[in-house]
Amino acid sequence: GDWSSDVCSSDPFIVRAVADALHEFPIVNASIDGDSIVTHHAFHLSVAVDLDFNGLLTPVIRDADGKRLRLLAREIRDLSTRARAKRLGPDELQGGTFTITNMGPFETYMTLPIINQPQVAILASDGIRKRPVVVPGPEGDDAIAIHPVGILALDRKSTRLNSSHL
């Protein structure tokens, strides 16, 4: 198939980048078990799917760190489509180790998502918009240019994790 038909949003790129980053910061690929933080060695990423403003489901992409962009895109599309049609099995909604939510389609600027318990962190990606940014000018000075800019916001359990973990 055509690459563009498989990867039509930023979601697979974000999932891939998160899977890579979790290798470097495993403390956020974790969950709470009683008074302990359990760090997971598998990278099972939950992807939040809006059910037409009637709630959210978080189907799980298992072993996301070992998948290429095209496969991630297909799995995201398949899981999202089946979530909206209410055709997911319980095993497809359990076992996530970290959650990603994309509020971009709602044209948000920045959101603070709710952590998917018992996980310890969640990443929100918001709308990508053209914004003025400072870039190097032709003579080494500053110039203003228009570039697409998006915001990624990480929310973590502050009672369990502090900046020394990150």
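Predicted model, so just to flag it, every value in this text is computed and none were measured. Atom set for the values below is all heavy atoms of this structure, side chains included, hydrogens, waters and symmetry mates excluded.
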What is the minimum heavy-atom distance between [X] and [Y], and which atoms define it?
X	Y	value
Gly96	Val60	N-CG2, 3.7 Å
Leu57	Ala83	CD1-O, 3.9 Å
Lys67	Arg16	O-NH1, 2.6 Å
Ser125	Leu152	CB-CD2, 3.5 Å
Ser80	Val49	OG-CG2, 3.7 Å
Leu69	Pro12	CD2-O, 3.4 Å

Tell me whether Leu71 at atom CG has more than 12 heavy atoms from other residues, nucleotides or ligands lying less than 6.0 Å away.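 Result for CG/Leu71: enclosed.
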Side-chain donor-acceptor contacts of residues 84-93 below 3.5 Å, not counting sequence neighbours, with atom names and distances?
unit_1, atom_1, unit_2, atom_2, d
Arg84, NE, Asp50, O, 3.2
Glu92, OE1, Arg82, NH1, 3.2
Glu92, OE1, Gly89, N, 2.7
Glu92, OE2, Arg82, NH1, 3.1
Glu92, OE2, Arg82, NH2, 2.4

Do any N or O atoms from the side chain of Arg156 and from the backbone of Ile115 form a donor-acceptor pair under 3.5 angstrom?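 No, the answer is negative, given that no donor and acceptor are paired below the 3.5 Å cut-off.
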What donor-acceptor contacts under 3.5 angstrom involve side-chain atoms of residues 22-31, with partners at least two apart or in another chain?
unit_1, atom_1, unit_2, atom_2, d
His23, NE2, Asp65, OD2, 3.1
Asn29, OD1, Thr97, OG1, 2.5
Asn29, ND2, His40, O, 3.0
Asn29, ND2, Ala42, O, 2.9
Ser31, OG, His40, NE2, 2.8

Considering only Ile, Leu, Val, Met, Phe, Trp and Tyr, and joining two whenever side-chain heavy atoms are under 4.5 Å apart, list the other residues clustered with Ile144.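 Cluster partners of Ile144: Val134.
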Which residues, ordered by chain and number, are linked to Val133 in its hydrophobic cluster, where ILVMFWY side chains connect at heavy-atom gaps below 4.5 Å, directly or through other members? Val135, Val149
Are Val47 and Thr58 close enough that some pair of their side-chain heavy atoms sits under 4.5 Å apart? no
Would you mind reporting whether Ile32 and Val120 have side-chain heavy atoms less than 4.5 Å apart? yes
The complete set of side-chain hydrogen bond (donor to acceptor under 3.5 Å, both in side chains) pairs with one or both residues in residues 141-153, sequence neighbours excluded, reads none
Point-to-point distance, once rounded to the nearest 0.5 Å, from [atom1] of [X] to [atom2] of [Y]:
X	Y	atom1	atom2	value
Ile122	Lys157	CD1	NZ	12.0 Å
Thr101	Asp155	OG1	CG	11.5 Å
Asp63	Ile61	CG	CD1	11.0 Å

side-chain contact (heavy atoms from CB on, under 4.5 Å) between His44 and Gln94, worked out: CA-CA 9 Å; His44 302 321; Gln94 297 173 358; over 6 Å; no
Pairing residues for Phe98 by the ring pair (Phe, Tyr, Trp, His ring centres under 6.0 Å) criterion, not counting sequence neighbours: none
Could you state whether Ile114 and Leu154 fall into the same hydrophobic cluster, counting links through intermediate Ile, Leu, Val, Met, Phe, Trp or Tyr residues with side-chain heavy atoms under 4.5 angstrom apart?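 No, Ile114 and Leu154 fall in different hydrophobic clusters.
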